[in-house]
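In what follows, a single structure is set out as structure tokens and then discussed.
This is a predicted model, so every value here is computed, not measured. By convention in this document, chain letters (A, B, ...) are assigned in the order of the sequence lines, proteins followed by strands, and residues within each chain are numbered from 1.
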Amino acid sequence: MRIESMSAYEFVIRIPHSAMPMNRTPILFLNVLVIATCGLIYELLAGTLASYVLGDSVTQFSLIIGIYLFALGAGAWLSGFIETELARKFIDVELGVAILGGLSAPLLFLSFAHLSYFQVILYGLVFAIGTLVGLEIPLLMRLLKDHLDFKELVSRVLAFDYVGALAASLLFPLFLVPKLGLVRTSLVFGILNAGVGLWSTWLMRPLIRGSVTGMRVRAVIVIALLAIGVIKADTLTSLAEDAMFADDIVYARTTHYQRIIVTRGRAGFQLFLNGNLQFSSADEYRYHEALVHPAMTLAGRAPRRVLVLGGGDGLAVREILKYPSIESVTLVDLDEEMTNLSRRFPPLAELNGRALEDLRVRVVNRDAMIWLEEPSEPYDAAIIDFPDPNTFALGKLYTTRFYRLLKARLAPGAGVSIQCTSPLFARTAFWCIIRTIEAAGFSVRPYQTAVPSFGVWGFALARVAPFDVPSRAPSNMHLRFLDDQAMSALFVLSVDLGPVPVEINRLDNQALVRYYEAEWRRYE
Amino acid sequence: MNDNQGKSKKAKVKASSLSRRELLAAFLGVPVALAACRSSAAPRFPEGRIVGASDAFGHRLRDGQRVEPPADAWQHVNVVIVGGGIAGLTAAWRLLKAGEEDFIVLELEPVPGGTSQSGSDSSIVPYPWGAHYLPAPMKENAALVELLDEMNVLEGRDADGEPIVAEQFLCRDPEERVFYKGRWYEGLYLHAGQNAVDVAQLAAFNREVDGWAAWRDRRGRRAFSIPIVTGSDDAEVTALDRITMDEWMKERGFNSPRLRWLVDYACRDDYGLTVEQTSAWAGLFYFASRMRVPGDEAQSLITWPEGNGHLVAHLYHKARTKVRLGLAASEIIPTGEGNGASVDVVALSSDGRNAVGFHAQKVIFAAPHFLTKYLIRPYRESAPPDVAEFQYGAWMVANLFLKDRPASVGFPLAWDNVLYESPSLGYVAATHQRGLDRGPTVFTYYYPLCDDDPRAARQRLLEADWKSWADVALTDLSRAHREIRSLTERLDVMRWGHAMIRPRPNFIWSGARRRAVEPFRSIHFAHTDLSGIALFEEAFDHGIRAAEEVSAAMAKN
Ligand SMILES: Cc1cc2nc3c(=O)[nH]c(=O)nc-3n(C[C@H](O)[C@H](O)[C@H](O)COP(=O)(O)OP(=O)(O)OC[C@H]3O[C@@H](n4cnc5c(N)ncnc54)[C@H](O)[C@@H]3O)c2cc1C
């Protein structure tokens, strides 16, 4: 892929008159090898990151390669305007590549947070790195020009260049990504680039007029900076998480409320909140169909107004919007950045069918408990999808007080479904939630289904008036998981999931958080 | 643990003239002061001010400045209630229930509530300036149950007829945590690192408390009951009032440091006294009065973000048209005898400009008891010796307005957050009960001055200016929260000169306070001071009692 760009070099070489001791030339070819490797690594990094974040790897890789090659050409062309002080300029270019290339991955990770700028930063960065890399080889060739004849020069430089490319393309998937992760790979190669710059102050000393101290200091500073990055990156959450999550992180951000992480792997992508898996795109349909449809069918008449508490990923809303009778959906989720992500982050927005853009959907970014204290029009159904109760702040969303507030917001006959953690891993916690909902004055039917990424997962179906469990799945909705039989099967609880004696979860005892902690600790 | 609190000798030095290191050493101890002053950089301060009671009015009274209202500024009223704290507002509430409409409540401050007042100028959450909780009452406390019913705090009765408090008013779990050597732990008693002796002594202490919770006198009265008039006056119980809590603990060999800390903390928290200064009766009262059945958990706590300011708001709302804020009684003059007895009250606006007079049949004196000798004319001339027995502790309360929560190592933020190694009581987070678990918050920081000599404590309190107190609070809290200075956007300080009555030995059962409850001519008394301990329930009870006395007496006439 670099043939076109390399052939362009032949036309832009202009020859300065400089002197270099012959014996250093072979080492200069090592420079070519290193910078060629670095150059390709940056390109691969950008391509990988772009396809992680934006999806559609064919488009992303082809865009990145196109922009990068074009930038190489631009760099080569620009090198023609450099007349004097070639060695000095070469070293400056190296340091520039070191900074931009070295920081490219961390910079791109950081800019995920601001998705609207992400593409601008991505393509801008690729172009800038490409331009600088494009300057390197022509400058080097001109520095070598006086010591080799043209034929030999071209053949050797190009040979080393392609060897470097091969090294990069082998190292990247086989060693660098699995062992170092994207962020450290980019920092380490930045250091290599800066190292070439520093080393060249000795190698090219005879070609440099005046003092080289300033250049060396600068190079050392750049190396130190990137090295700190490598060390710090280890303690920084993003890299720790790189190691923690099996797949690559494509989005990571600490919001005011939680740490949001999206990873992408072979099976699709996953959302983690504070390190806890919220869904995996491979099997979330099982979870969300089971969460939403039983409550929707319970409402009796066709539900018009539906409340969703938690569920900022928009996936429950996607299921709700399948009902033609829906007039409005109110989604209350604490974290604005989460609901924005669900709107704007392409893989998520696609998965939830752009549910949060639907005009019938109103997003309220408030604490659900405090929001519930304020009066509103009654709802025909409520879907409750909070993270598991692993903190006191979350535990309050599973208390009798909470369910009583909810009760006051429901229309007569309204159905409610609640995610209740795993009845297998956290059986006491599961039954604590069930009994708490009962204590708040609901009739409750526990149910469960298997979600491979989670295991056996538990829910509660509740209504103020007693009810029979639904036996019919909604038709004409192209559900992937629920049919009549699967619907009935939801309500079958095997012996090992059966009731256990529990305390009711109240604001003033937070029994649930303590059960949950004790049970999940066994699996950590 | 309080030897770092400069005793009276040190207190003679004016706090504002101390160097920063001396100031912090005096209020937080030498090691903290040295650590805090290690860096030469000037510490950061948020904005803020001293709020609340100005002493100007009190000084005017003490200096004997009196005014005579012009003849046309007098009016007739059946009852004048002096003081719009819990006791005075409760008396008003009770009078209204009895159908008495012709009365007036005089309150010196521009806000009602006295030491239970709260602040509401934060956009995040209202916050307390003093009292912040009320233990759930037992069914025997019928008047209080009635008040809480009226406020919709109760949602019914259990099988035993005990009131059930609605969940949202019970202190939300986690209630307490304690910071010790760099880490927060759940609960108030420090379990981490305890040894077998500590465990055994805690168990033995709990058995002692259980024993007192089970104790009944011949008339079937509990040893320690709320309000305390319903408890026993049997000699076996009152004997406890003659020794200090420290002596009581030593007699039983309780020397486990963490148990002693717990009891000392309880004394400082409830009474502003150390374990060495508190009457053993009062010390045991704290533990045993709130337990229905021996071995039970203590009664749950009822609280609101603004603390007992919520109760104040309700009582004030009921009697609002009767309350005159910013109008203080400056002189109370009983006149006539027998059936013709009445009482004149001269009141002064807090700026001292306007004087008005009331010809009343009855006065309910619901201001702190030490004021009787300045306000009641015959007392001014010769006060009963009992008045001098009423001694008061000084407290500093600071409210810190934070733009975000500080990080915590160990157990997460609770309602009450206590620093094991500090002479302060730590802080209460106002957002906790509101259910706000993220973002800005208000911390109420409590610091009792436990000097032996109450006047020395008061002097130290008042001589430290805003900046000194802000520095003390921030330096103290920075042990647990390094970033507290950068998170605090505002810090207001309240200096309570006469914060609460001190239940030191030989006060509660000496007879002084029982004599002080007796009406003096047409003046009836109602204030928590009359119980010898500062508690909502006691102030409430005295307010009810005084109102009933007055109603009964007027019905007779
Ligand atoms: C820092 C602090 C924390 C506390 N925490 C708690 C707690 O958590 N729980 C609890 O139960 N108790 C607590 N208390 C005790 C509290 O004092 C009582 O609960 C209760 O508020 C006492 O009410 P009171 O009406 O008897 O007295 P006060 O609150 O003293 O009310 C007396 C009123 O009289 C007014 N007054 C004074 N002079 C005059 C005058 N000349 N004319 C007119 N009015 C006058 C005063 O301004 C004041 O408003 C705390 C006290 C303090 C200081």
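- Remark: B:Glu175 CD to A:Gln510 CD distance equals 12.0 Å, nearest 0.5 Å.
- Looking at B:Arg172, both its backbone and its side chain come within 4.5 Å of chain A, counting heavy atoms on both sides.
- For B:Glu186, the part sitting under 4.5 Å from any heavy atom of chain A is the side chain, from C-beta outward, and nothing else.
- Rounded to the nearest 0.5 angstrom, B:His432 NE2 and A:Phe392 CZ are separated by 9.0 Å.
- Neither the backbone nor the side chain of B:Phe169 has a heavy atom closer than 4.5 Å to any heavy atom of chain A.
- In this structure, chain B has a heavy atom under 4.5 Å from the side chain of A:Arg514, while its backbone stays farther away.
- In this structure, A:Arg366 places its CZ atom where more than 12 heavy-atom neighbours from other residues, nucleotides or ligands lie under 6.0 Å away.
- Taking both residues in full, the closest heavy atoms of B:Asp437 and A:Lys396 are given as OD2-NZ, 2.6 Å, listed atom of the first, atom of the second, then distance.
- Rounded to the nearest 0.5 angstrom, A:Asp508 CG and B:Ser300 OG are separated by 6.0 Å.
- Counting all heavy atoms, side chain and backbone alike, A:Leu507 lies closest to B:Glu167 at N-OE2, 2.7 Å.
- Counted within 6.0 Å of CD on A:Glu336, heavy atoms from surrounding residues, nucleotides or ligands total 12 or fewer; the atom is thus considered open.
- Contact check for B:Arg434 versus A:Met369: no side-chain heavy atoms found under the 4.5 Å cut-off.
- Between A:Arg506 and B:Asp173 there is no salt bridge, since none of the side-chain N atoms of the basic residue sits less than 4.0 Å from a carboxylate O of the acidic one.
- Of all the listed residues (A:Leu405, A:Thr400, A:Asp367), the one sharing the greatest number of non-hydrogen pairs under 4.5 Å with chain B is A:Thr400.
- Neither the backbone nor the side chain of B:Leu301 comes within contact range of chain A, judged by heavy atoms closer than 4.5 Å.
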